[in-house]
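Structure first, commentary second.
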Protein chains: 2
Amino acid sequence: MTLNAKQKKALKTKKRILETALELFSQKGYNQVTVDEIVEKSKTSKGAFYGHFASKSEIFLEKFKEIDNFYDEFCKTLPNELSAKEKIIRLSITQMKYLKNDLGKELMQTIYMNPQSAKFLADTNRRLYHILENYLQEGQEKGEFTKDFSIQELAMIISRCMRGTLYDWFIFEKELDPVIEIEKMLQAVFQGIEKY
Amino acid sequence: MTLNAKQKKALKTKKRILETALELFSQKGYNQVTVDEIVEKSKTSKGAFYGHFASKSEIFLEKFKEIDNFYDEFCKTLPNELSAKEKIIRLSITQMKYLKNDLGKELMQTIYMNPQSAKFLADTNRRLYHILENYLQEGQEKGEFTKDFSIQELAMIISRCMRGTLYDWFIFEKELDPVIEIEKMLQAVFQGIEKY
DNA sequence: GGTCTATAAAGACTACAGTCTATTTTTTAT
DNA sequence: ATAAAAAATAGACTGTAGTCTTTATAGACC
């Protein structure tokens with residue numbers, strides 16, 4: 001982690017590009033901003049831009065990755081005595097609020113609709129999966145959840161509900177609220193829609 | 001439906017473009033084919049292409065819409081005495097097989113990852129939603145399903161499971177089988193993952 | 001301190017989806 | 001038949017993401 005002068009300068013360039021780009025995106029929207037514009041305003045060059053980022057959308061991915069701070073913060077403030085189910089529901093709802101209010105629909109849609117950046121969502125080593133797996137394990141151990149599925153399968157099911165809900169947020173014209181939608185979705189998944 | 005000579009000719013042009021494009025896509029893959037190439041091979045022009053299709057990906061959307069034939073066929077062969085749950089499960093599984101084997105991952109991914117064409121998936125007037133709503137209504141009436149959700153909400157939940165599963169098919173590196181995944185997903189949604 | 005190498009940055013260039021204007025072809029009205 | 005209007009098609013042109021080649025800069029080694 002001990003950087004020499006050259007590396008420090010490069011990092012400063014990267015930061016300048018990132019900040020300029022995010023600034024422009026928030027001013028005019030992702031699709032209204034060109035890479036040429038970012039490069040011009042940040043006084044860098046195409047070479048510098050693509051040396052630091054693989055694509056225009058990767059800028060958003062970088063921003064999106066800050067979500068790990070959100071998860072950390074969330075875990076800290078969550079009362080431990082809640083049921084595992086309640087923890088997962090609160091995680092999901094709080095997360096949706098964060099994505100909706102702090103990151104915004106355009107950023108999320110850009111990541112989700114881009115095959116390259118969307119791959120990151122499938123990385124089962126990201127914080128989200130670890131947290132989910134913990135709560136699920138706790139739930140299974142306490143006998144709250146079925147053991148018909150493995151922890152990994154359950155994490156996949158829950159996280160898929162999140163992805164499905166977010167995806168629907170992007171594609172439905174009539175403005176869908178991801179917070180309300182994830183709540184309904186999870187209610188169905190936890191209790192089931194069958195009568196017994 | 002009575003076309004004059006001009007309209008008939010235009011339709012022939014459209015058909016020629018469509019067939020040439022699909023042929024090329026299947027030969028080299030969607031991303032390896034350019035509109036210029038389609039236009040050249042079909043002996044038409046950019047003007048003709050964009051007169052008939054709003055975008056390159058709309059070609060795939062056109063092909064995707066044939067799915068209604070699949071749904072019709074499916075409904076015809078489905079035994080009526082099955083439970084509503086069983087009907088929905090069979091619909092989902094058979095559909096996934098169709099998407100995977102007949103349409104293919106690239107076509108589906110192209111539609112799903114494209115904001116313009118993805119809007120079509122959100123059209124609640126497509127055949128899929130009507131069929132789902134029928135089965136769900138049948139299930140609610142027979143007392144198979146909870147009435148905590150409206151038919152429309154249930155259709156949204158089930159179809160979102162489908163979309164989420166397909167989306168995951170696209171983004172996970174390690175080849176996911178959408179047929180197996182939808183089965184697990186629905187098992188969870190029908191029975192719930194909570195122990196009671 | 002000079003040469004050699006590796007990394008960063010510059011910016012010209014390419015590829016390609018989609019637009020725009022011009023031209024041809026067909027229909028309609030007289 | 002002929003002029004005017006409408007529709008379809010041709011293909012030149014534009015915008016922009018991303019690549020490629022060149023140049024500058026800094027560290028390393030003698």
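Computed from a prediction, not measured in an experiment: that's the story for all the values here. In what follows, chains are A, B, ... by sequence order, proteins preceding strands, each numbered from 1.
Distance from the side chain of Y50(A) is smallest for dG18(D) among the nucleotides dA9(C), dT19(C), dG18(D). The side chain of A48(B) lies closest to dA10(D), out of dA17(C), dA10(D), dA9(C). Listed candidates were dA17(C), dT19(D), dT9(D). Nearest to the side chain of H52(B) is dT9(D).
Considering F170(B), F120(B), Y167(B) in turn, F170(B) is the only one that fulfils the ring-ring contact (aromatic ring centres under 6.0 Å, His included) rule with Y112(B).
The NZ atom of K12(B) sits 12 Å away from the P atom of dT9(D) (whole-angstrom rounding). The CG-P distance, from N4(B) to dT25(C), rounds to 16 Å in whole Å. Look at NZ on K14(B): it is 11 Å from P on dA8(D), rounded to the nearest Å. As a whole-Å value, the separation of N31(A) CG from dG15(D) P is 17 Å.
Judged by the 6.0 Å distance and 45° axis criteria, K76(B) is not positioned over the aromatic ring of Y71(B).
For R126(B) and D68(B), the salt-bridge test fails: no basic side-chain N is under 4.0 Å from an acidic carboxylate O. Using a cutoff of 4.0 Å between basic side-chain nitrogens and carboxylate oxygens, K100(A) and D177(A) are scored as salt-bridged.
No N or O donor and acceptor, one from the side chain of K56(A) and one from the base of dG18(D), sit under 3.5 Å apart.
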